[in-house]
Protein chains: 2
Amino acid sequence: MGLGNSPEQTFERRRQRPLVLEVRDELERIILDGEIAAGERLNEAELAAQMGVSRGPVREAARTLAHDGLLTTVANQGVFVRELSIEDALELYDLRALIAGYLCARVADRAERRINADLRRAVTEMARAIEDSDESRYFALNLAFHDRIADAAVATRARRLYLSLGKEVRLLRRRVLCGQSSLRVSNQEHGRIVDAIEAGDVEAARAAGTIHHLNGKTRLTETL
Amino acid sequence: MGLGNSPEQTFERRRQRPLVLEVRDELERIILDGEIAAGERLNEAELAAQMGVSRGPVREAARTLAHDGLLTTVANQGVFVRELSIEDALELYDLRALIAGYLCARVADRAERRINADLRRAVTEMARAIEDSDESRYFALNLAFHDRIADAAVATRARRLYLSLGKEVRLLRRRVLCGQSSLRVSNQEHGRIVDAIEAGDVEAARAAGTIHHLNGKTRLTETL
DNA sequence: CAACGAAATATTGTTGACAATCGACATTTT
DNA sequence: AAAATGTCGATTGTCAACAATATTTCGTTG
């Protein structure tokens, strides 16, 4: 059905993809982009009007986001974007490190050559981005790298969790300061992860994946 | 809070506790008790009528449960109770083991004497239940034991995850066969967890907690 | 008799309206 | 003047009706 690029495409998509999902994505974007500050209330009617839908889908979407930890609900008062405490953020880093280690271990256990090649290539590309001082490119590649691992692990639930925790931690609107040197260190860790995966060393892969993420945590604590 | 036991308590609580939460609990019970078989569709209107509410709250509750992995939604077809594959269940066991280890490690790190005493007592009580061949009592105590650890870890997100994963795995409606001997083994593991926590040995506690849950996994695979 | 197709039915998706509740401001009382 | 109380506007919680979609039924046809 790649033909339907007619004017009524939006209409078509609305039928195939329930409004709730569209609304959810948009709400998520609004929250993660900080368009509504932490602690602020979400006005259902206003948001609904803004998106051109009714309050129903907005409520449903908000409910799921609240369950994801991006919003907090207060009875008869509405939903507020969650204020993430430092302690909460640190716990999130821990959990994410745990899951990441698990994913790496699974990938190492499966040992598929194509994936290994992909990962290795990603690491060299990131190294190039660092030399070019192209931070934004590095971040994009870094994201893709970890996504690739999550995919390759064939662990649906863990993958979902990993992504969800990643979004949740973004509520802490801190810039992780990354000079060129720390990027190099980070990419060395990537290299170690791929080494372990290629070697099929499950426990080494787990450790490398976990440590890599825990280092992100310590980098956060250092900025306090 | 022994005060509000007046006749209009139900009325009060309805106002303080949105319908959506009540509906959610009831839906969860229906699913986990297997009153609707895996793969079956949930009829919104029917359930709403059954609970004496409108479809709105039912829909919202269903969304959150779907997001928890207890239901799957298909556009324009509704929500179905999830059919958990063996692979999914095994992954859930892994994740739960990971989180459990993390929780144990945190408790060991905090090292509060009162908690240690509680846990130790729970272990001896479980031992008594085993000698009395009182399985249901053992299960209740076991649940309380792990809840206590999750509480004591002061890790809100991890605790929520742990509980959520526990519910999710119940979708596999397999009886974990537990003779008296395997209960003894299980409780020995409990003992080891408490030992490590009392000793303040973080890594030992993590390992003990993880292994204890992974043993549950192997017990499952053995029944296949 | 099986296969196909079209009406009929059932169910979900969405909406707008109504009721209940909360916060803020004005008013009254001490 | 300060505290308590009453009222008003705004917002959430809930509902019932409407529109869109999927499933079933039943008649028709090759």
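Since the model is a prediction, treat every value here as computed from it, not as a measurement. To find a chain, count down the sequence lines: A is the first, B the second, and so on, and within it residues start at 1.
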Donor + acceptor pair across side chains of A:Tyr102, A:Thr210 (<3.5 Å) =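 There is no such pair between these side chains.
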Salt bridge between [X] and [Y], side-chain N to carboxylate O under 4.0 Å?
X: A:Arg137; Y: A:Glu125; answer: yes
X: A:Asp109; Y: A:Arg106; answer: no
X: B:Arg24; Y: B:Glu28; answer: yes
X: A:Arg148; Y: A:Asp151; answer: no

request  = Verify whether the ring centers belonging to A:Phe145 and A:His212 lie closer than 6.0 Å.
outcome  =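 No, they do not, as the ring centres are separated by 6.0 Å or more.
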ask   = When all nucleic acid strands are considered with a 4.0 Å heavy-atom cut-off, which category describes B:Gly56: base, sugar-phosphate, or nothing?
value =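 The answer is nothing, as B:Gly56 stays clear of every strand by at least 4.0 Å.
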inquiry  = Just to be sure I understand the rule, does A:Leu42 reach a base, reach only the sugar-phosphate, or reach nothing, if contact means heavy atoms closer than 4.0 Å?
reply    =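 Sugar-phosphate contact only - A:Leu42 comes under 4.0 Å of backbone atoms but never of a base.
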ask   = Which residue lies toward the 5' end of DNA chain C, A:Gln77 or A:Glu60, if each is placed at its nearest nucleotide?
value =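 The residue whose closest nucleotide sits nearer the 5' end is A:Glu60.
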I need the [atom1]-[atom2] distance between [X] and [N], as an integer number of Å.
X: A:Met51; N: C:dT14; atom1: CE; atom2: P; value: 14 Å
X: B:Arg63; N: C:dT12; atom1: CZ; atom2: C1'; value: 10 Å
X: B:Arg41; N: D:dT21; atom1: CZ; atom2: C1'; value: 13 Å
X: B:Leu71; N: C:dT12; atom1: CG; atom2: C1'; value: 15 Å
X: A:Leu19; N: D:dA19; atom1: CG; atom2: P; value: 17 Å
X: A:Phe80; N: C:dC22; atom1: CZ; atom2: P; value: 12 Å
X: A:Glu44; N: D:dA10; atom1: CD; atom2: P; value: 17 Å

May I ask you to verify if any side-chain N or O of [X] is less than 4.0 angstrom from the OP1 or OP2 atom of [N]?
X: A:Asn43; N: D:dA10; answer: no
X: B:Asn76; N: D:dT23; answer: no
X: A:Arg55; N: D:dT11; answer: no

Contact list for DNA chain D against residues 27-35 of chain B - heavy-atom distance below 4.0 Å =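 Heavy-atom contacts with DNA chain D come from no residue of residues 27-35 of chain B; none.
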request  = Report the distance from atom CG of A:Leu103 to atom CG of A:Leu98, rounding to the nearest 0.5 Å.
outcome  =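 Between A:Leu103 CG and A:Leu98 CG, I get 10.5 Å after rounding to 0.5 Å.
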